[in-house]
Amino acid sequence: MAPRQRPLHKTFRLRSNQRMRIIWKTYVRAARDWADNPVAFVVDSYLALVFTAICVALMCLRTLDFWASAYDILFSGAAALLCCALCLLQIKSVKNIATNPAAGLFLVGTTAFFYQDSHDVAVYGLNEYFPFAVSQLSEAINTGTLYILAITIARLSYSAIFIFVVAMTLFNTRKQIKLNSMNGWVIPVASLGAILSLLILSSAGDFVANSFGLELFLVRQAYALDFTSSYRCDGVPRDDRVLLSKMSDTVGYALHLTFPDRPLLRIRKTDKDAANSIPNAGNYRVVTCNTSMPKG
């Protein structure tokens, strides 16, 4: 009796599984010479790409959803950065440099410099739109500094890491091609997730830094966090929010802003519906507050 043949789809699945096992073993064998943990390297690489996709998708939301997802955007971008850093630290030569005390001091000093620079950018951005001392907008300054620092890291660190990863990949590819033609391809494929993440986030950081959306974000953070709807002031129109001056007990700044309902990064300063998104003579006024005690 002739042996029973396997169904075609089962044969294809079996061969595919065998091929994947061969590729995986080849990758682990090829990466073991320069990576501490080849498995962690490829997992971190593609996990970074997942977080990058989430970050970019959230950045494309309409304004109302964007405001609600602002911290999710920051978290997903930071998670992508962390995964790329962990991926790089699996490379033995990078790990040796990173564990050097001088590298730690350089990192601390660089972070402090960019934090102060981000703080100055946030203050300058707010000062362009609010006609009073913006030091009173403490919440907006703190939040804006954090986000601008993240954008700076995206523009600088991601770009620098991207170049370094490419250089390491090409170096190892050239070395592995001499040993085995298949080995020359598995390392770039394992690095592809991190490389794409770095490229996408670096480009996104450049785009955001040069967009009106960043300025609008700073204004909106001030409007939502520093201005309040609980006040005791005279002559304030309904639906306005008020900033109680930190320099005078009887002065307040009333403001009413509305924001276009479309993706934040697609809003331009010259758009007609963007006029009411920033303080101007039509939606901003100085009001008198706390002039009389409430009746008990």
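Side-chain atoms are counted along with the backbone in the values below, which use heavy atoms only and exclude waters and symmetry mates. Just so we're clear, the structure is a prediction, and the values are computed from it rather than from any experiment.
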Please answer: with hydrophobic residues joined when any side-chain heavy atoms are less than 4.5 Å apart, are [X] and [Y] in the same cluster?
X: Y223; Y: W67; value: yes
X: L216; Y: F207; value: yes
X: L126; Y: V242; value: no
X: M59; Y: Y71; value: yes
X: I151; Y: Y124; value: no

Q) Is the CG atom of D249 crowded by more than 12 outside heavy atoms at less than 6.0 Å? A) no

Self-check item: More than 12 heavy atoms from other groups under 6.0 Å of CZ on F75
Solution: no

Hey, are the side chains of [X] and [Y] touching, using non-hydrogen atoms and a 4.5 Å cut-off?
X: I200; Y: V56; value: yes
X: P237; Y: R285; value: yes
X: Y231; Y: N290; value: no
X: L218; Y: Y129; value: no
X: H256; Y: P279; value: no
X: T111; Y: L107; value: yes
X: T63; Y: I267; value: yes
X: L255; Y: F130; value: yes

Minimum heavy-atom distance [X]-[Y], with the two atoms named:
X: A154; Y: G205; value: CB-CA, 4.2 Å
X: M247; Y: A133; value: CE-CB, 3.4 Å
X: C84; Y: A48; value: SG-CB, 3.7 Å
X: V287; Y: A254; value: CG1-CB, 4.0 Å
X: S211; Y: L265; value: OG-CD2, 3.7 Å
X: C233; Y: V236; value: CB-CG2, 3.7 Å

Gap separating the [atom1] atom of [X] from the [atom2] atom of [Y], nearest 0.5 angstrom:
X: S69; Y: D65; atom1: OG; atom2: CG; result: 6.0 Å
X: T52; Y: L199; atom1: OG1; atom2: CG; result: 10.5 Å
X: I153; Y: F114; atom1: CD1; atom2: CZ; result: 9.0 Å
X: L89; Y: N37; atom1: CG; atom2: CG; result: 12.5 Å
X: I141; Y: D120; atom1: CD1; atom2: CG; result: 10.5 Å
X: Q136; Y: K246; atom1: CD; atom2: NZ; result: 6.0 Å

Does this structure show an ion pair linking D273 with R268, if we count only N-O contacts that are shorter than 4.0 Å? no

Run the salt-bridge test on E128 and K269 with the 4.0 Å N-O cut-off and return the result as yes or no. yes

*May I have the step-by-step check of salt bridge (Lys or Arg N to Asp or Glu O under 4.0 Å) for R262 and D271, ending in yes or no?*
CA-CA 12 Å; R262 61 177 179 276; D271 294 345; 2.6 Å; yes

Can you classify the ring geometry of Y284 versus Y253 as parallel (below 30°), tilted (30 to 60°) or perpendicular (above 60°)?
parallel

Is the backbone N or O of [Y] less than 3.5 Å from a side-chain atom of [X], with the two atoms forming a donor-acceptor pair by type?
X: N283; Y: N280; result: yes
X: T99; Y: N96; result: yes
X: S45; Y: A190; result: yes
X: T288; Y: D234; result: no

Original post:
Given the rule in the side-chain contact (heavy atoms from CB on, under 4.5 Å) test, do L137 and L243 qualify, once you have shown the distances and angles that lead to the verdict?
Top reply: CA-CA 9 Å; L137 302 173; L243 172 69; 3.7 Å; yes

Exercise for the section: Mind running side-chain contact (heavy atoms from CB on, under 4.5 Å) on N100 and I97 for me, showing each step along the way? Expected result: CA-CA 5 Å; N100 191 309; I97 296 173; 5.6 Å; no

- side-chain contact (heavy atoms from CB on, under 4.5 Å) between V123 and V134, intermediate numbers included: CA-CA 7 Å; V123 171; V134 296; 3.9 Å; yes

Test side-chain contact (heavy atoms from CB on, under 4.5 Å) on S191 and I195 and set out the steps.
CA-CA 6 Å; S191 307; I195 292 173; 4.0 Å; yes

